[in-house]
Number of protein chains: 2
Amino acid sequence: MTAQDDQLDAVGVNADQRSAAGAERPIPDATVARLAVYLRALSGLVETGIATVSSESLAAAAGVNSAKLRKDLSYLGSYGVRGVGYDVALLLEQIRATLGLNEDRAVALIGVGHLGQALAGYAGFATRGFQIAALFDADPAVVGSQLRGLRVLHVDLLEQVVRAERVAIAVIAVPAAGAQDVCNRLVAAGVTSILNFAPVVLAVPAHVDVRKVDLAAEMQILSFHDSRKSARAEDAQARFSDEQPFRPGSGDASVSMAAAK
Amino acid sequence: MTAQDDQLDAVGVNADQRSAAGAERPIPDATVARLAVYLRALSGLVETGIATVSSESLAAAAGVNSAKLRKDLSYLGSYGVRGVGYDVALLLEQIRATLGLNEDRAVALIGVGHLGQALAGYAGFATRGFQIAALFDADPAVVGSQLRGLRVLHVDLLEQVVRAERVAIAVIAVPAAGAQDVCNRLVAAGVTSILNFAPVVLAVPAHVDVRKVDLAAEMQILSFHDSRKSARAEDAQARFSDEQPFRPGSGDASVSMAAAK
DNA sequence: ACGCCCTTGTGAAGGCATTCACAAAATCGA
DNA sequence: TCGATTTTGTGAATGCCTTCACAAGGGCGT
């Protein structure tokens, strides 16, 4: 009973890039979603100074099964050495290249409320090839203020700036009511990839990718599983919290592996 | 080329609740993830005063294919009327019941930075059966402050309050470095459902559900697709933005349907 | 009452993704 | 040089989910 896996799977943007980009065998959506996780795990290893890693231990760090990891990596080519493992730096670079993280991409962030500010401040942004090109908001109270070295622009300037800065990816962090409108304007200005935090299903033309992060949905999914848990086993539950409290940091393999399905 | 579908699918927590809860046929994870979306679409219809809806139009509103929607709903039982459609209010209630949204659940939020504040302020929280029972932070500067009618508690009180308030679901919105520690303490205090915003793979015992919201991963997936787009068709791209700008609000069915795969 | 039309609910088929399990490759020690 | 050992890369099997396509069911007009 764990989320990690499916979480990634469902995340995949849809089909149709399948026939694109060269004659190499197409990379499944589910795999693309996991590459990001491997990337993070590898970054961790680099910092620890580990130069080589086996599929088994990298899989453990990423919370997946090792066969899956090897199959995922095999879509990128053969970068492992049998009997040894993968070169951490090399693999990291290959994944970065595959995800297109080497060319940096201009990102526009629309909506500078708490969420927007949290996103703007997220370190993973700058460090991973994403460069915030512009911040927008509709509220006159925040327009003009400085945030992370950028001035917040009025959303009326959206089309103009998006075109000028060649923004490829936009992040929508505005209230639900304004999201579709912002989305339409982004698309009209040439944006083809959107990350949407507003709780609405955006309508877009077919050539635009939308990914949605939906807090309410996440909570409701947890609620579903939680209600099933309490339904059965009122006793098993009691056993867990009273007799067998989970001891953090026990280093037990069965524990750290739990996320791997 | 659209995200919606897979996004949901991947979201599903894993297996093993399959055999649980009654003799009814088990609800697939992918379906559970979409129920939340249907719920939102239905809420919209209720506000518009629409009393009955066909699978076709509800599917359009939710951005999925109508056969999928019908199959999803069929897991809940037979609440539609052939030749007519679904009663909006009834269906809404059934979905709420299925997701366990009727009994309200105590939620603890750990980490009250920008992200935490955004989450605490999210309206969908209170209105949908989730009740924030406690806010925690480690920073003395914010501990004691008032937020949404709740006082921010020091994270040292976590175990104590979580047990006392019978918190079922916890939301982790702390920096990566502190996340595993907070997670361990939550699990030790009896929490079995966790929504994690920190960019780390949490290790948890098997009976705990973890769902992760990963901004960096989302961005990287968009990046991947975006780089494929610019790789092929430098010209098709030009055609889109110059000759055929997307006209918002055209009401074109092919547009609003784009999200449905 | 009856037949027409609409929409649901669902077997069956097909497509992806995960998992299994093993042959192929590479190192290391003797 | 050779065999033992380790770990990758991948065909094959399995399983889940989606999509198709249609029979069954229900309202409505006449």
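Every chain is numbered from 1 and lettered A, B, ... according to where its sequence line falls, protein lines coming before strand lines. This is a predicted model, so every value here is computed, not measured. Below, all heavy atoms of this structure are taken into account, side chains as well, without hydrogens, waters or symmetry copies.
Taking every side-chain heavy atom of S74(A) into account, dG9(D) is the closest of dG9(D), dT10(C), dT19(C). Distance from the side chain of N65(B) is smallest for dT19(D) among the nucleotides dT19(D), dG9(C), dT8(D). Candidate nucleotides dT18(C), dC17(D), dA21(D) were compared by shortest atom distance to the side chain of A30(A), and dT18(C) ranks first. Between dT19(D), dC22(D), dT8(D), one nucleotide has an atom nearer to the side chain of Y86(A) than all others, and that is dT8(D). Among dT18(D), dA21(D), dT10(D), the nucleotide with an atom closest to any side-chain atom of A67(B) is dA21(D).
Look at CG on L69(A): it is 12 Å from P on dT18(C), rounded to the nearest Å. Rounded to whole Å, the distance from CD on E56(B) to C1' on dC20(D) is 14 Å. At whole-Å resolution of the value, OH in Y79(A) and P in dA25(C) are 19 Å apart. Here dT18(D) presents its C1' atom at 10 Å from CG of D72(B), a figure rounded to the nearest Å. Atom CD1 in I27(A) sits about 14 Å away from atom P in dT10(D), given to the nearest Å. Whole-Å rounding puts the R70(B) CZ to dA21(D) P distance at 13 Å. For K68(A) and dA17(C), the NZ to P distance is 11 Å, given to the nearest whole Å. Atom pair L73(A):CG and dT19(C):P shows a separation of 15 Å (rounding to whole Å applied).
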Quiz item: Which parts of nucleotides 25-30 of chain D does protein reach within less than 4.0 Å, heavy atoms only, written one letter per nucleotide 5' to 3' as B for base, S for sugar-phosphate only and - for none?
Solution: BS----

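Not counting sequence neighbours, the partners of D104(B) by the side chain to side chain contact (heavy atoms under 4.5 Å, CB included) test are Q131(B). For the side chain to side chain donor-acceptor pair (under 3.5 Å) test, residues two or more places apart in sequence or in another chain that qualify with N102(B) are E93(B), R96(B). Every residue two or more places apart in sequence or in another chain was checked for a side chain to side chain donor-acceptor pair (under 3.5 Å) with E103(B), and none qualifies. Here A67(B) pairs with N65(B), R70(B) under the side chain to side chain contact (heavy atoms under 4.5 Å, CB included) rule; sequence neighbours left out. Take R40(B) and apply the side chain to side chain donor-acceptor pair (under 3.5 Å) test, not counting sequence neighbours, and it matches D214(A). Partners of N196(A) under the side chain to side chain donor-acceptor pair (under 3.5 Å) rule, at least two apart in sequence or in another chain, do not exist in this structure. With sequence neighbours excluded, the residues forming a side chain to side chain contact (heavy atoms under 4.5 Å, CB included) with S57(A) are V53(A), S54(A), listed by chain and number.
K229(A) contributes a side-chain N or O that, together with a main-chain N or O of T192(B), makes up a donor-acceptor pair within less than 3.5 Å. Without hydrogens or angle criteria, Q180(B) side chain to A203(B) main chain gives a donor-acceptor distance under 3.5 Å.
For the pair R25(B) and dT10(C), the criterion of a side-chain N or O lying under 4.0 Å from OP1 or OP2 is met. Residue S78(A) places at least one side-chain N or O closer than 4.0 Å to OP1 or OP2 of dG9(D). Contact between the side-chain N/O atoms of S55(A) and the OP1/OP2 oxygens of dT8(D) is found at a separation under 4.0 Å. Look at R34(B) and you'll find a side-chain N or O under 4.0 angstrom from OP1 or OP2 of dT18(D).
For the helix from dA1(C)-dT30(D) to dA30(C)-dT1(D), the rotation axes defined at the first and last 5 base pairs enclose an angle of 0°, given to the nearest 10°.
Atom CG of residue L186(A) and atom OG of residue S193(A) lie 11.0 Å apart, to the nearest 0.5 angstrom.
Residue G85(A) is the one, among K71(A) and G85(A), whose nearest nucleotide of DNA chain D lies closer to the 5' end (criterion: closest heavy atom).
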